[in-house]
Amino acid sequence: MSTAVTSEPVLTAQHLSLAFGGLKAVADFSLTLRAGALAGLIGPNGAGKTTIFNLLTGVYQPDQGEIFLGKQRLNGLKPSARAKAGMARTFQNIRLFGELSVLDNVRTACGVRAKSGLVGALLRTPGWRAEERAITERSMDLLQTLGIAGRAHEQAKSLPYGDQRRLEIARALATEPKVLLLDEPVAGMNTQEKHAMRSMIQQIRVDFEVAVLLIEHDMGLVMEICDHITVLDHGTTIAAGVAADIQNDPAVIEAYLGAPDDAASEGADGVA
Amino acid sequence: MKTLAERTAAQRPNVALTALLSLAPLAVGVIAAFLLQAVLAPAVGPFYAKLVLDVGIAILLSVSLNIVNGFAGQFSLGHGGFMLVGGYTAAYLTYYGSIALWGTAEIHGGFMEGGDIFFMVACVVGGIVAALAGLLVGLPSLRLRGDYLAIVTLGFGEIMRVVIQRTGDVLPVAEAKQKGMLGSLTNVGGSLGFTDVPQYVSPTPWLEKTGHAGIFFTYIFVAICVVVAFRLKASSNGRALLAVRENEVAAEAMGVVTARAKVTAFVMAAFFAGIAGGLFGHQSTLSPSELGFQKSIDIVIMVVLGGMGSISGAVLAAIVLTLLPEALRNFSQYRMIIYALSLIAIMIARPQGLFGTKEIWETTWWRRLFGRRTKAEAP
């Protein structure tokens, strides 16, 4: 799976820490994503995976540590500025613009790259019209890629669950990201849908030349497609490496299934 | 996949055609405004002409408030306050300005001559001052949500009203000449109201008396406001506002600068409310008690009834809610009870407003009645 990986780091997180009062949500988290990488972030519930996404995208500011996108330091920037810099995400608990059409959900996100301003929109200048047409064209292409173009004019909230997840990805890609953070993209999907989503993620990574960081509970998926996996427990990184190493790491087995003397034999199967 | 910049560069818009398309709606609006003034107003007489005028001002107010409450989802109760700021600014300019320029506070010149143009400029300046107030009120909206924001905007309106009530009497012409414009800055009538504002907005048909073309002026601003609202809604900037309403966290994550979006909404809405205030004030007297809390509530009702975010809904609600009390005049003392009951009935039947967040032509019943089937819908 190392085909598209080059040596240039796009996302660097160094020693990130965040505490909510006495609770250490994330402690000393470091990660380097290279261009075209597909990395996984796993761990039991409450391990701090989504909190790390929120730190990377600027919903939270870290107590310590630094985040770089390419050469740009992201600390202190708001989520919108980070989206502009090239960081896009989906949400675990889907957050679409429910009343808007599927197409408008994607067009809204395209707006982050739009150059013509409010005055151009109100006067409908030729430049604005050209850009608006380009936005619609690109949005339709994105919906096509994700396989939901047929539903472009439906309300986003009326989409079936799987399509809502696809729309979240289309919307994130519309911002023309360098790094795409996917928060449980196959949660609640059946085997067939999971299979389709897996090929989609692999295709997106190549077509959009984007580094992908994936949170997922589906171990099969993570082990199969990720070049690099980081395992978290209670905010701490307990293991990092390629799939084969992670599967046999005693700390990981313990985090998921308890100490070896409790249920060691079942543990190995469960994680694999 | 090709980036937006590459795709934009590949577009070759026809400049002449787009210029025509851009100007056409405004031209239609100006012609419609002229017809309302020149044909409808003389035909229906002064009483109904006054209603046409009131409807125009109501549309201006509800469509503009819809930008904040409907598009951006920020609950503002301060529209009466913005109207008051714009109205007093415009009235101050035309009253004391006319005295400085022409030595009299009467209306000056004929149709679209000196006085009328001066009045239009005064209204726009009133709008700009109101927009600055909108900027001030928009800033707390960055930290406040829902009810809390409503209280702040309400407070703003009340403060403006009280400030105006503390001002001095309007100076008569001779004294105003002596003191000059700056000297009479605080003489806008206090709680008695700004009396003797030059009557540029009057329902009297302009053919009968020069300079009285209030309906024409009002509907020009209505046309601009409606076109601006539609163009905003169908642009990246407008979609950013809708995104803030729908899900602020997701909007911010998709690169929408939510702070700027909210303040923009407040500024635009306040601008048109200020202009509406200017039009309202030049009917003769501007009184602070008329532009208080009750006025703000009236406008909110229009937006809620029309459907949050629906421009055509806001227009229709403004028309219905302005005409309904007049239509019920025959029932004299039961009038306001029927008005209130019908409002309650509509809100029970359609809690999302008449059209929800859709425009009238996007609703299912409209499509069933008049719609062309699109390819996707065809069996």
Side-chain angles (χ1 to χ4, degrees), chain A residues 57-59 78-84 87-89 91 95-100 104-105 107-118 120-135 137-138 141-142 145 150-154 156 168 171-176 207-208, chain B residues 1-19 21-23 25 224 227-229 231-261 264 268 308-309 352 356-358 362 374 376-377:
Chain A
T57 55
V59 177
K78 297 190 70 184
S80 53
R82 295 189 192 199
K84 199 150 201 144
M87 184 92 79
R89 74 176 293 183
F91 294 91
R95 288 177 179 270
L96 292 171
F97 309 131
E99 293 276 341
L100 305 191
D104 275 347
N105 267 270
R107 289 207 286 191
T108 304
C110 275
V112 66
R113 301 284 161 217
K115 292 201 172 53
S116 54
L118 184 60
L122 297 185
L123 298 177
R124 298 220 157 157
T125 54
W128 177 84
R129 278 175 199 272
E131 190 166 77
E132 185 69 13
R133 225 172 286 153
I135 286 174
E137 197 182 88
R138 185 175 149 82
D141 281 0
L142 281 166
T145 308
R151 295 178 174 272
H153 298 288
E154 288 176 36
E168 278 235 328
R171 189 178 65 173
L173 287 172
T175 63
E176 298 180 11
D207 288 359
F208 292 85
Chain B
M1 187 173 283
K2 275 192 277 181
T3 64
L4 186 63
E6 289 162 6
R7 287 168 194 266
T8 308
Q11 298 283 342
R12 290 277 172 273
N14 183 331
V15 175
L17 182 69
T18 54
L21 283 173
S22 301
L23 290 174
I224 294 171
V227 168
V228 161
R231 288 186 174 176
L232 178 66
K233 197 180 180 186
S235 72
S236 284
N237 304 71
R239 286 191 291 267
L241 295 184
L242 300 176
V244 169
R245 178 190 75 193
E246 291 297 314
N247 195 319
E248 208 172 321
V249 174
E252 184 76 32
M254 296 307 134
V256 173
V257 187
T258 51
R260 194 171 60 204
T264 308
M268 290 182 73
M308 300 288 236
Q352 70 277 51
T357 56
K358 295 173 177 172
E362 292 165 357
T374 59
E377 285 167 328

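Sequence lines set the chain letters: A, B, ... in the order given, protein chains first and strands last, and positions in each chain run from 1. Values in this document were obtained by computation on a predicted structure and should not be read as measured data.
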Quiz item: If you round to the nearest 0.5 Å, how far is CG of Leu100(A) from CZ of Arg245(B)?
Solution: 6.5 Å

Can you tell me which of [options] forms the most heavy-atom pairs within a distance under 4.5 Å of chain B?
| options | result |
| --- | --- |
| Thr145(A), Leu122(A), Leu173(A), Val112(A) | Leu122(A) |
| Glu168(A), Arg113(A), Glu137(A) | Glu137(A) |
| Pro126(A), Gly98(A), Gly111(A) | Pro126(A) |
| Asp141(A), Thr175(A), Asp207(A) | Asp141(A) |
| Arg107(A), Met87(A), Lys84(A) | Arg107(A) |

Side chain, backbone, both or neither: which part of [X] has a non-hydrogen atom closer than 4.5 Å to chain B?
| X | value |
| --- | --- |
| Glu131(A) | both |
| Leu118(A) | both |
| Ala88(A) | neither |

Practice problem: Return yes if some donor-acceptor pair links the side-chain N/O of Glu99(A) with the main-chain N/O of Glu246(B) below 3.5 Å, else return no. | Solution: no

Quiz item: Quick check: does any side chain N or O of Arg138(A) sit under 3.5 Å from a backbone N or O of Lys2(B), one acting as donor and the other as acceptor?
Solution: yes

Relative to chain A, which of [options] shows the most heavy atom pairs under 4.5 Å?
| options | value |
| --- | --- |
| Met254(B), Glu6(B), Arg239(B) | Arg239(B) |
| Gly255(B), Ala240(B), Pro13(B) | Gly255(B) |
| Ser236(B), Ala19(B), Ala243(B) | Ala243(B) |
| Val249(B), Leu23(B), Leu232(B) | Val249(B) |

What are the two closest heavy atoms between [X] and [Y], and how far apart are they?
| X | Y | answer |
| --- | --- | --- |
| Ala121(A) | Arg231(B) | O-CB, 3.7 Å |
| Glu132(A) | Ser235(B) | OE1-CA, 4.4 Å |
| Ala83(A) | Ala253(B) | CB-O, 3.3 Å |
| Ser22(B) | Arg129(A) | OG-NH2, 3.2 Å |
| Ala134(A) | Gln11(B) | N-NE2, 3.9 Å |

Quiz prompt | Non-hydrogen side-chain atoms of Val227(B) and Arg124(A) separated by less than 4.5 Å | solution = no

Quiz item: Side chains of Ile135(A) and Leu4(B): closer than 4.5 Å at any heavy-atom pair?
Solution: yes

Quiz prompt | chain A contact via Ala251(B) - which portion, at a heavy-atom distance below 4.5 Å | solution = both

Practice problem: Give, as side chain, backbone, both or neither, the part of Leu21(B) having an atom under 4.5 angstrom from any heavy atom of chain A. | Solution: both

Self-check item: Identified side chain to side chain contact (heavy atoms under 4.5 Å, CB included) partner of Thr108(A) from the options Val256(B), Leu242(B), Leu241(B)
Solution: Val256(B)

Exercise. For side-chain hydrogen bond (donor to acceptor under 3.5 Å, both in side chains), just list the numbers for Thr3(B) and Glu176(A), CA-CA rounded to whole Å, side-chain angles, deciding distance to a tenth of an Å, and then say yes or no.
Key: CA-CA 7 Å; Thr3(B) 64; Glu176(A) 298 180 11; 4.6 Å; no

